Undergrad: 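Submitted below is the structure of interest, expressed as structure tokens.
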Amino acid sequence: MKTRKLKLMLVLLLFSTLSWGGNGDVPSRLSKNEYGHTILKVDGVPMLMVCGELHNSSASTPQYMNKVLRKLTKLNLNSVLATVAWEDIEPKEGQFDFSLVDSLMAGAYRNGLRVGILWFGSWKNGESSYAPEWVKRDTKRFQRVISPDGKPIEILSPFCEATMRADSKAFAALMAHIRENDIHKTVIIAQPENEVGIFQDMDYSKMGKDALKQQVPNALTLYLKKNEKRLKLGIAKVWRENGKKNTGTWEEVFGNGYESKAYCTVWQYASYINHVAEAGKAEYPLPMYCNCWLVQKEEDLPGVYPNGGPVDIVMDIWKAAAPAVDFLSPDIYLPNFKSIVADYYRYDNPLFIPEVRMNHAWAMYAFGQYGAMGFSPFGIEDRVNDKVYAGTSLVVKELAPLITKYAGSSKMVGLLNDSNASGERIEMGKYVLDVAYENKNEGSCYGIVIQTDDDEFIVAGAGLKITFNSSKKGIGYIMRVSEGGFEQDGTFVVSRNLNGDETNHNKYLVVKGREVDSIEQPYGTYNKIDPSFYTPTTDIKFFGPGIYKVSVYIRSEK
């Protein structure tokens, strides 16, 4: 009897090792650092995605894609976000062609890049232009959104189960193919759909109207009750004003205003995409996220912006409806960068920015203030000659071990002059740092400050003047300032020690940034790049963030 049980246990153990499902089989996973901050680990090592998003059509042919990927090495990126279109991989129902995906993975590996897959399935920017021809032509099976005047529009309805099943099946096939064929583990994250939502208050199809009359899902009311003290103000206010009901239709729980229609629509989009993400993760459980087209003006109602996406005012609905989606991310083209990233960095949501204006100061602030997992300017192939951004990429990668270590703690802050402020005061340990912004031009003064020891700071950035004062008795003073950078093994290499005129005899730190004659810098293996790409310049200097190691002490007042 014991022998039979032992044999059975061995069979079960063998089966478990051969079956798919453990995160140990994927190259990337979400983890926590010692401060409880969510970080991305790739091959077991914390990683910041210093990346860029390609234009939507750049990955549509191997020839064009390979040319673009080679150009990206000029920006010193370590990753790229690229489109995989449903219409390309499943041109006929049930017949898959993954040649473009294979070319993307091979090209990324050749150029030292990791990949984030952007799945353009049922929707892209609220539209359905990337669905296959067999889906577009079959309007009876794959139903469309209905406008308020009763007419169908060329957008797939989030209430159509047939579409959801077909989309999920295709995405699952994609993830299974990546699992089996990505031998170098280039693909590390995935985004199911893109900027979803409709430009109207709801889907006026019979399915949409019926959904509004149904009971609010228990998962949402339970979430609202459990997280009442942490809810976003908008949904919390509406729910409370209508009696904090645990059951009822959408209108009974959220009232007869626009909110009930909007929340029902949001729930459906999030549930649909959760189904797609679950299908993909069942094959290959990479971290997955959803992005969104932001609310442009505070007074805009749902439908003025795409109604259904994970904008900040309905993130709580998405969290309840889509647990398979690991985090929600803003696409940022608005000027109020600071307030947007503050909204998306929550106790349950790490910051990742998949689309954004190309702004090196914003990148430094996002990484320093919120330990962002990634920063990805859109249309990155158009900006490959931006030497300042290339220099910034190098600095971020040099700082990555420190950023991922201290993210979420009071030992790291980001700095950015995006208003009329002349500076700010920051308390770190036993020191108070008075930071002066040396230039009033927006975005010209920025940086990251990391306290690596009681009396030691690493400062990176440009356009700053920092005085280190004591937060208690005594007078804070600078002992030594070294300008330099980090090798890949974490060793700080000094290019010069600063004193005299450069620090007013150690009274304050002047953060000027690095002068960049060519793209190459003297630190780290990150800089071993193909020199044939560049023509070094000697007459024009480009300024990017610099790195400074500062030791300080508190002098007795006596």
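Model, not experiment: these values are computed from the prediction.
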Undergrad: Between Glu53 and Glu381, what is the shortest heavy-atom contact and its length?
TA: O-OE1, 4.1 Å

Undergrad: Got Leu40 and Ser28 here, is their nearest side-chain heavy-atom distance under 4.5 Å?
TA: yes

Undergrad: Report the residue from Thr83, Leu118, Asn194, Val196 that forms a side-chain contact (heavy atoms from CB on, under 4.5 Å) with Lys124.
TA: Asn194

Undergrad: Within a reach of under 6.0 Å around NZ of Lys507, are more than 12 heavy atoms found that belong to other residues, nucleotides or ligands?
TA: yes

Undergrad: Considering only NZ, NE, NH1 and NH2 on the basic side and carboxylate oxygens on the acidic side, decide whether Asp312 and Lys232 come within less than 4.0 Å.
TA: yes

Undergrad: Does Lys411 qualify as a cation-pi partner of Tyr406, given the criterion of NZ or CZ under 6.0 Å from the six-membered ring centre and within 45 degrees of its axis?
TA: no

Undergrad: Rounded to the nearest 0.5 Å, what separation is found between the OH atom of Tyr437 and the CG atom of Leu415?
TA: 5.0 Å

Undergrad: My understanding is that only one of Tyr333, Phe337, Tyr446 makes a ring-ring contact (aromatic ring centres under 6.0 Å, His included) with Trp362; could you say which?
TA: Phe337

Undergrad: Are any side-chain N or O atoms of Asn33 and backbone N or O atoms of Ala407, one a donor and one an acceptor, separated by less than 3.5 Å?
TA: yes

Undergrad: Not counting sequence neighbours, which residues clear side chain to side chain donor-acceptor pair (under 3.5 Å) with Asn441? List them please.
TA: Asn439

Undergrad: Looking only at heavy atoms, which two atoms of Ala361 and Gly443 are closest? And how far apart?
TA: CB-O, 3.2 Å

Undergrad: What I'd like to find out is whether the side chain of Ile117 reaches to under 4.5 Å of the side chain of Val115, using heavy atoms alone.
TA: yes

Undergrad: Can any side-chain N or O of Trp318 pair as donor or acceptor with the backbone N or O of Phe327 at less than 3.5 Å?
TA: no

Undergrad: Flag yes if more than 12 heavy atoms outside Arg480 fall under 6.0 Å of its CZ atom; otherwise flag no.
TA: no

Undergrad: Would you kindly say whether Lys32 and Thr38 are connected by a side-chain donor-acceptor distance under 3.5 Å?
TA: yes

Undergrad: Assess, by modelled atom type and distance only, whether the side chains of Tyr284 and Asp25 contain a donor and an acceptor separated by less than 3.5 Å.
TA: no

Undergrad: Carefully, step by step, assess Arg110 and Asn66 under the rule side-chain hydrogen bond (donor to acceptor under 3.5 Å, both in side chains).
TA: CA-CA 9 Å; Arg110 283 196 302 272; Asn66 288 327; 3.1 Å; yes

Undergrad: Side chains of Gln296 and Val304, heavy atoms from C-beta outward: is any pair under 4.5 Å?
TA: no

Undergrad: Please say whether the positively charged group of Lys319, taken as NZ for Lys or CZ for Arg, lies over the ring of Tyr223, i.e. under 6.0 angstrom from the six-membered ring centre and within 45 degrees of the axis.
TA: no

Undergrad: Charged N to carboxylate O under 4.0 angstrom, Arg240 versus Glu228?
TA: yes

Undergrad: For Glu483, which of Leu498, Ile547, Val511 qualifies under side-chain contact (heavy atoms from CB on, under 4.5 Å)?
TA: Leu498

Undergrad: Which residue, Arg114, His184, Lys185, forms the side-chain contact (heavy atoms from CB on, under 4.5 Å) with Tyr109?
TA: His184

Undergrad: Who pairs with Phe120 by ring-ring contact (aromatic ring centres under 6.0 Å, His included), at least two apart in sequence or on another chain?
TA: Tyr130

Undergrad: Under a 4.0 Å N-O cut-off, is there an ion pair linking Arg230 with Asp316?
TA: no

Undergrad: Evaluate the side-chain proximity of Pro192 to Cys290: yes if any heavy-atom separation is below 4.5 Å, no if none is.
TA: yes

